[in-house]
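What's counted below: heavy atoms across the whole structure, side chains too, no hydrogens, waters or symmetry copies. Quick caveat, the model's predicted, so the values are computed rather than measured.
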Amino acid sequence: MKKLLRYSPYNFGYLGFLGFLGFGYFHSHNLGSLLMFGLFGLFGNFFVGNVNKGVQFLGDSGRMIGEKEDERYKANSAKAGYLTLIAPVAALFLIAFGVIVGFATDELIVLLCAAGFAATPLTYSIALYYYEHR
């Protein structure tokens, strides 16, 4: 009997290590280097890969004919989505507050953008993993 693969055999979570290229800013002082910190968000693939994505249905011939998400997964995904909203909203608030008050430099604005970008998929994947395994 063949084993059915539920997920891709490739895990793109390892690309999250490219986020360390952001530390090149301290050598080159190029603002574009700070955006590399946003790649830390790819570490979320490690959590999403461990979540049960649905029930597989097999036809009469034993071949997989599709996947169907159960109600619990849909509810957990919705709860994780609501929780995920906090990360980008907090980053935008900090950027706007820093610009209005006047203490935000260009480097801080780009760094907060990268942090918000990285925190969004990480928050969703960790929250979904938590809700599925509790």
Side-chain angles (χ1 to χ4, degrees):
M1 182 175 181
K2 280 186 167 180
K3 181 180 178 183
L4 297 174
L5 288 176
R6 290 188 133 186
Y7 310 107
S8 171
Y10 307 107
N11 193 337
F12 293 104
Y14 293 107
L15 291 177
F17 287 109
L18 291 175
F20 287 110
L21 293 174
F23 289 109
Y25 167 77
F26 299 108
H27 176 61
S28 67
H29 296 289
N30 181 9
L31 284 178
S33 297
L34 289 175
L35 290 176
M36 298 300 279
F37 285 123
L39 293 176
F40 282 128
L42 292 173
F43 282 131
N45 286 330
F46 288 126
F47 292 101
V48 172
N50 292 326
V51 173
N52 183 9
K53 292 210 175 181
V55 178
Q56 293 183 351
F57 290 101
L58 300 177
D60 294 334
S61 62
R63 292 185 0 206
M64 186 173 77
I65 58 175
E67 289 188 3
K68 182 178 179 184
E69 296 176 344
D70 58 349
E71 291 81 16
R72 184 178 57 101
Y73 176 78
K74 288 180 184 178
N76 290 339
S77 178
K79 283 193 272 186
Y82 296 139
L83 185 64
T84 303
L85 182 64
I86 295 171
V89 169
L92 286 175
F93 174 76
L94 288 174
I95 291 169
F97 183 74
V99 169
I100 290 172
V101 173
F103 70 85
T105 62
D106 293 342
E107 292 87 2
L108 183 63
I109 291 172
V110 172
L111 191 60
L112 284 174
C113 288
F117 182 77
T120 302
L122 280 174
T123 304
Y124 177 76
S125 59
I126 292 171
L128 184 62
Y129 180 82
Y130 171 75
Y131 288 135
E132 284 287 316
H133 286 90
R134 68 176 177 140

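Under a hydrophobic-cluster definition in which Ile, Leu, Val, Met, Phe, Trp and Tyr are linked whenever side-chain heavy atoms come within less than 4.5 Å, directly or via other members, Leu39 and Leu21 are assigned to the same cluster. Note on Leu35: it clusters hydrophobically with Phe26, by side-chain heavy-atom contacts below 4.5 Å among ILVMFWY residues. One hydrophobic cluster holds both Leu94 and Phe97 under the rule that ILVMFWY side chains link at heavy-atom gaps under 4.5 Å. Linking ILVMFWY residues whenever their side-chain heavy atoms come closer than 4.5 Å, directly or via other members, places Leu42 and Met36 in the same cluster.
Shortest non-hydrogen contact noted between Phe17 and Phe43 is N-CZ, 3.6 Å. Residues Leu122 and Gly44 share a closest heavy-atom pair of CD2-N, 3.4 Å. Shortest non-hydrogen contact noted between Gly41 and Pro121 is O-CG, 3.8 Å. Of all heavy-atom pairs between Phe37 and Leu111, the closest is CD1-CD1, 3.5 Å. Of all heavy-atom pairs between Ala91 and Leu112, the closest is CB-O, 3.9 Å.
Taken to the nearest 0.5 Å, the NE2 atom of His133 stands 13.0 Å off from the OH atom of Tyr130. Note that OG1 of Thr84 and OH of Tyr124 are 7.0 Å apart. Values are rounded to the nearest 0.5 Å.
The side chain to side chain contact (heavy atoms under 4.5 Å, CB included) check on Ala119 picks up Ala87, Thr123, with sequence neighbours excluded. Every residue two or more places apart in sequence or in another chain that forms a side chain to side chain contact (heavy atoms under 4.5 Å, CB included) with Asn30 is listed here: Ser28, Ser33.
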Distance-only donor-acceptor pairs under 3.5 Å for side chains of residues 98-110, two or more places apart:
residue	atom	partner	partner atom	Å
Thr105	OG1	Glu107	OE1	3.4
Thr105	OG1	Leu108	N	3.3
Glu107	OE2	Tyr25	OH	3.1

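With hydrogens and angles disregarded, no donor-acceptor distance shorter than 3.5 Å links the side chain of Ser77 to the backbone of Tyr73.
The ring pair (Phe, Tyr, Trp, His ring centres under 6.0 Å) test with Phe40 is passed by exactly one of Phe20, Phe117, Phe23: Phe20.
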